[in-house]
Amino acid sequence: MGSNWRITAAVLFFGAAASAAQAADLRIGVSAFPLSVDPHFYNGIGDRNLALHLFNRLVEQKGDMSLAPGLATEWKLVSDTAWDFTLREGVTWSDGRPLTPEDVVFSLTRSANIPNSPLGYAPFTRDIASIEAAGPRTVRITTKQPSPILPTNLSALSIVAKHAVEGKDSGDFDNAAVAAGTGPFRLVSFARNDRAVMERNPAYWGEKPEWERVEMRFIANEGTRSAALLAGDVDMIDAPSRNDLPRLRRDERFRVVSAPGNRSIMLLPNVITEGGSAEAADNEGQPLARNPLKDLRVRQALSLGIDRKSLAERVLEGTAQAAGQFMWPGAYSYTPEIGIPAFDQARAKALLAEAGFPNGFRLTLSAFADRPDFRTVAQAIAQMWTRIGVRTEVNAVPASVYLGRGAKHEYLMPFFSWGVSTGEAGYVLNNLFITMDSKTGAGPANWGGYSNPQLDALITRAQSTMDDAAREALLIQGQKIVAEDVAAIPLYQLVNFWATRRGVTYEARQDQRTVATSAQSAR
């Protein structure tokens, strides 16, 4: 009897030890891969996911999009345009050197000036006039005008080590020495389009993460991600295939968690290209002399020709919420007066006829090839538009090519995905709809080339309005202009999903971030 007890105890001990050892490593299958380890190179979800592990920001944004102290323990206005940020004491880089105000000045200046960035962080620093070290633990940021959301903007900007990064290019961040950070993990290796391996940063100033080692595997195909989880190759995945969600929910070996997301999916009709594009042709296939999307009635017709509820509930099987705007109910600057546009094929055909297209025309709808759900939705929209007389062909383009061409207005009707990372409409208006200006960096994601002086004035006023209620009123007014002009065709907002093996839990996040610090071993 005693011998059996000792054997059983030994089995339990070694089993628990094995589980503990296994729990020390976390393998994550992610849908979006970073273009670079450099946290200033590309403002994309994959790059941000990786940066959250390696670097910190002055101000951090939590999963529910509220703000929290980061490298700055406090911040305060010292005048209408000057903010003082007090740095946390005792913070060191993963290479052991101390964090200094000069690192912050260097990082915020650098983040707006990265060569060859397809979509950078300049919009977050546009309000800044100067940055200076104002003491051994103080950074003073002076803005060009009052800037009510400066702390929110700073929550997007990672702080890097000046001594490690100065004089280096984005490609040099593949080297762990250049990628020195203050975050909970430090880089071990990075293989582009494959995986990043990280280990716990012993110098981290905050709560030590549970995981000793984290491996992020970049698995673009949603079916392949689900298969990797089912096979035990990874411990958790983001954005599981909607076809696999019912199975994962039924299987006791797995957990599925979700949260309403902050990512808007839309179409951005090109209104800057004059004509002659092969992407808009007559029914014989000849390019139209004038871009039909410049006509408001055509844009209205295309919007009315989309059954958004069908896209969200049937095509995407409940993994999205139909939307007619970029903000979600309950969010700051959500506009109740902007409803989901009606699905009205008869009215759409009438508007096309009024615009001079009684027999319709041909149109190309461009979309990410890397996202199967985007391609599926694009095909569904193409069928809906064909029924109103606009014969639509889907052009699926790899993200590596799609992003650069879209920024150059090479698509007439691009499929577009935008996470509202600040939690207010100003972020969308400022990036997608303010008139583009290469000198100031305004409108970096304005793929449609939309320009409206009235809207520009509203956006500019909202940027410097410190009163929250007054600023919200301006942002709501701006959204109404965008809706009335059909400067974009909002489709839906994604619901964020994660699936984990039974031994791992994940705190679902509205901000769509997939980070090891939000995962824990199941207790």
Side-chain angles (χ1 to χ4, degrees), residues 30-58 60-61 71 93-94 103-126 128 131 153-183 185-198 216 218 220 368 370 398-408 416-419 421-422 427 431 438 441 443-445 447 511-515:
V30 294
S31 55
F33 54 84
L35 300 185
S36 174
V37 179
D38 181 352
H40 300 153
F41 181 71
Y42 177 57
N43 182 15
I45 185 169
D47 295 68
R48 284 211 186 187
N49 282 345
L50 182 57
L52 286 172
H53 292 83
L54 304 175
F55 305 97
N56 289 117
R57 290 130 293 275
L58 285 178
E60 297 289 358
Q61 190 178 66
L71 293 179
W93 297 101
S94 54
D103 290 317
V104 176
V105 174
F106 171 78
S107 298
L108 298 184
T109 303
R110 178 183 187 272
S111 67
N113 300 283
I114 302 299
N116 304 313
S117 169
L119 182 62
Y121 287 85
F124 296 99
T125 60
R126 189 180 302 131
I128 296 177
I131 313 162
N153 283 336
L154 293 178
S155 72
L157 301 173
S158 294
I159 305 303
V160 298
K162 180 180 179 182
H163 67 271
V165 174
E166 193 169 30
K168 302 292 194 304
D169 297 325
S170 292
D172 294 324
F173 275 75
D174 293 7
N175 183 328
V178 177
T182 59
F185 297 92
R186 59 186 181 186
L187 185 70
V188 174
S189 64
F190 177 73
R192 192 166 282 100
N193 298 336
D194 181 23
R195 69 192 65 196
V197 179
M198 297 165 281
M216 295 183 71
F218 310 124
F368 291 102
D370 308 65
S400 57
V401 177
Y402 188 79
L403 296 169
R405 291 186 60 188
K408 297 175 184 176
F416 197 81
S417 167
W418 190 258
S421 61
T422 63
Y427 182 60
N431 283 278
S438 58
W447 284 19
D511 66 1
Q512 202 184 356
R513 309 294 180 225
T514 300
V515 289

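Nothing fancy with the numbering, it's 1 onward along the sequence.
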Is a donor from one side chain sitting under 3.5 angstrom from an acceptor on the other, for Asp103 and Trp93?
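Distance-only check passes for Asp103 and Trp93.
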Hey, does [Y] have a side-chain heavy atom less than 4.5 Å from the side chain of [X]?
X      : Y      : result
Leu54  : Val37  : yes
Leu119 : Pro444 : yes
Arg513 : Ile45  : yes
Ser36  : Phe190 : no

If you measure from [atom1] on [X] to [atom2] on [Y], what distance do you get to the nearest 0.5 Å?
X      : Y      : atom1 : atom2 : value
Ile131 : Ser107 : CD1   : OG    : 9.5 Å
Ser111 : Phe41  : OG    : CZ    : 14.0 Å
Leu71  : Thr182 : CG    : OG1   : 4.5 Å
Tyr402 : Asp370 : OH    : CG    : 11.0 Å
Asp511 : Thr422 : CG    : OG1   : 12.0 Å
Phe185 : Leu50  : CZ    : CG    : 11.5 Å

Going by atom type alone, with no hydrogens or angles, which donor-acceptor pairs under 3.5 Å involve a side-chain atom of residues 153-164 and a protein atom two or more places apart or on another chain?
unit_1, atom_1, unit_2, atom_2, d
Ser155, OG, Thr152, O, 2.5
Ser158, OG, Arg57, NH1, 2.9
His163, NE2, Asp95, OD2, 2.7

Atom of [X], atom of [Y] and distance for their closest heavy-atom approach:
X      : Y      : value
Asn49  : Met216 : CB-CE, 4.2 Å
Ala180 : Phe55  : O-CE2, 3.5 Å
Arg126 : Gly443 : NH2-N, 4.2 Å
Ala445 : Trp418 : CB-CZ3, 3.8 Å

State whether the side chain of [X] and the backbone N or O of [Y] hold a donor-acceptor pair below 3.5 Å, judged by distance alone.
X      : Y      : value
Arg48  : Asn43  : no
Gln61  : Ser421 : yes
Asn431 : Tyr427 : yes

Just jot down the side-chain contact (heavy atoms from CB on, under 4.5 Å) partners of Val178, sequence neighbours excluded, or say none.
Val165, Lys168, Asp172, Phe173, Asn175
If the condition is side-chain contact (heavy atoms from CB on, under 4.5 Å), which residues does Leu403 pass it with, not counting sequence neighbours?
Tyr42, Phe368, Trp447
Parallel, tilted or perpendicular: which fits the ring planes of Tyr121 and Phe124, with parallel below 30° and perpendicular above 60°?
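The arrangement is tilted - the two ring planes meet at 30° to 60°.
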Checking side chain to side chain contact (heavy atoms under 4.5 Å, CB included) for the pair Arg192/Asp174: CA distance, chi angles, key distance, verdict?
CA-CA 9 Å; Arg192 192 166 282 100; Asp174 293 7; 3.4 Å; yes
